[in-house]
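None of these values were measured; they are calculated from a predicted model. Below, chains carry the letters A, B, ... as their sequence lines are ordered, and counting in each starts from 1.
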2 protein chains.
Amino acid sequence: MAKIRGKKNSTKKEVIIEKASKLFKEKGFGASSMRDLAVHVGVEAASLYNHIQSKSEILQAICFKVANEFISHLDAVEASKEPVLKKIEMIIRFHIRMMMEQYEYVYISDHEWRHLPEPYLSNFLNQRRSYRKSLADLIEDGISKGEIKKIEPYVAVLIILSAISGIESWQRSRKQISAEVLEENMVKYLVEGLK
Amino acid sequence: MAKIRGKKNSTKKEVIIEKASKLFKEKGFGASSMRDLAVHVGVEAASLYNHIQSKSEILQAICFKVANEFISHLDAVEASKEPVLKKIEMIIRFHIRMMMEQYEYVYISDHEWRHLPEPYLSNFLNQRRSYRKSLADLIEDGISKGEIKKIEPYVAVLIILSAISGIESWQRSRKQISAEVLEENMVKYLVEGLK
DNA sequence: AATATAAACTAACGGGTGTTAGCATTGATT
DNA sequence: AATCAATGCTAACACCCGTTAGTTTATATT
């Protein structure tokens with residue numbers, strides 16, 4: 001009889017979610033079946049339901065975990081006393097780090113949110129909208145202080161967040177440039193594009 | 001008895017693909033069924049097969065149509081005698097225009113390519129890789145001519161293409177800024193970020 | 001050792017999927 | 001009007017899906 005095993009101090013649910021994140025990233029949420037996931041976890045599909053409520057709950061866990069980390073970091077940055085451009089850089093670096101360290105989770109949260117059921121979907125989209133609004137306000141602030149050139153804050157936010165999302169392409173590649181080089185070049189382009 | 005009707009001079013297959021592009025953009029390829037598509041087209045699901053080979057063929061048609069348009073435009077730009085930075089700007093504007101004018105097709109091609117079956121998948125990814133390589137070469141050329149600052153060409157390409165892909169967010173929004181304002185601000189940020 | 005709890009298993013449910021085969025209807029051609 | 005071609009329909013195929021119910025096995029507790 002099989003048994004769910006994972007990293008030290010992980011609950012069985014956490015193991016399932018971790019395995020699911022890899023599968024969903026690779027095949028997409030819809031194309032990944034619970035039977036597929038069960039194979040990766042090492043039990044029968046029906047056994048998963050001893051630890052999770054539903055397939056949907058896995059997606060919720062992944063999306064909201066990522067959202068919460070971004071929001072917490074933004075709150076910390078907003079509370080800091082740095083100049084606006086420095087704050088923007090801190091945020092950019094954090095996003096890049098998340099794409100490096102929690103790539104599967106961030107990828108799924110970016111690409112599969114539309115499979116979230118209501119009211120989670122509305123909640124999630126509202127959080128994202130609010131996050132982008134805060135970033136736009138920060139850029140507005142930077143413009144008014146003369147630290148940032150005149151640009152539509154909305155467009156700047158769209159460019160920054162989308163560009164970082166593109167790290168997925170690097171993740172799927174043979175990584176002929178290092179994570180450090182990627183980060184420094186992205187920060188250079190995105191921050192200097194604002195001056 | 002129902003009948004497939006579309007724009008003047010469209011074949012039935014083209015109508016089906018057009019309707020499919022909207023459905024796939026809205027719900028995703030996997031979550032869109034042929035029965036769903038049939039409802040949008042106005043016939044029974046089985047009738048679609050009088051005009052198309054398979055669901056997969058629709059995705060192929062969409063992805064390769066988009067790829068061919070990008071490649072054709074790039075070829076034309078490369079053949080032109082403009083300075084490198086001007087060429088980059090022309091390419092950026094073309095991508096933005098495609099996101100405006102053929103949004104559904106471009107969106108699907110960006111997000112659903114992983115559902116392409118072999119050998120179409122490999123072919124498609126090779127074309128995208130080759131396209132990015134050409135862009136990176138262009139940027140390398142601009143750097144060596146002193147038109148573009150020292151930056152990893154690979155990273156610059158990743159940023160540019162990903163940022164433009166983010167127009168999907170604008171497309172899903174209430175569009176409180178116009179397409180023109182979006183385009184000008186994106187060009188400003190992305191081109192000046194290279195100087 | 002006996003009992004209780006946790007967790008894995010089997011079997012099945014109710015529903016959906018892409019697609020094919022054969023028939024019926026509509027429209028075009030002679 | 002008769003015939004042919006195009007195209008829509010019904011019915012069904014073989015399979016897959018997420019999930020539940022009840023049983024069995026493993027582990028923990030007394």
Practice task
Quickly work out the B:H115 NE2 to C:dT17 P distance and round it to whole Å.
Solution key: 14 Å
Handout entry: Cationic N near anionic O, under 4.0 Å, A:E192 to B:K149
Key = yes
Handout entry: Side-chain ion pair, B:R93 and B:E184, N-O less than 4.0 Å
Key = yes
Problem - Touch class at under 4.0 angstrom, heavy-atom based, for B:S56 against every strand present - result: nothing
Handout entry: DNA chain D contacts among residues 34-54 of chain B, heavy-atom distance under 4.0 Å
Key = B:R35, B:V43, B:E44, B:A46, B:S47, B:N50, B:H51
Problem - Atom-to-atom span, CD1 of A:I16 to P of D:dT19 - whole angstrom - result: 13 Å
Are any protein N/O atoms closer than 3.5 Å to N/O atoms in nucleotides 24-29 of chain D? If there are, list each pair with its distance.
none

Handout entry: Nucleotide C:dA6, atom C1' - distance to CD1 of A:I4 in whole Å
Key = 11 Å
Completion exercise
Residue pairs meeting ring-ring contact (aromatic ring centres under 6.0 Å, His included), one or both in residues 139-189 of chain B, sequence neighbours left out, come to none
Handout entry: Charged N-O contact under 4.0 Å between A:E26 and A:K22
Key = no
Handout entry: For B:K13, the option from B:E18, B:Q53, B:E57, B:H51 that meets side-chain hydrogen bond (donor to acceptor under 3.5 Å, both in side chains)
Key = B:E57
Problem - Aromatic B:Y103 / basic B:K25 pairing, under 6.0 angstrom, 45° off normal - result: no
Practice task
Mind telling me whether A:F24 and A:F29 have parallel, tilted or perpendicular rings, with 30° and 60° as the class edges?
Solution key: perpendicular
Practice task
Identify the heavy atoms of A:S165 and A:D110 that sit nearest to each other, and give their distance.
Solution key: OG-OD2, 3.2 Å
Problem - D:dC17 phosphate, OP1 or OP2, under 4.0 Å from A:S33 side-chain N/O - result: yes
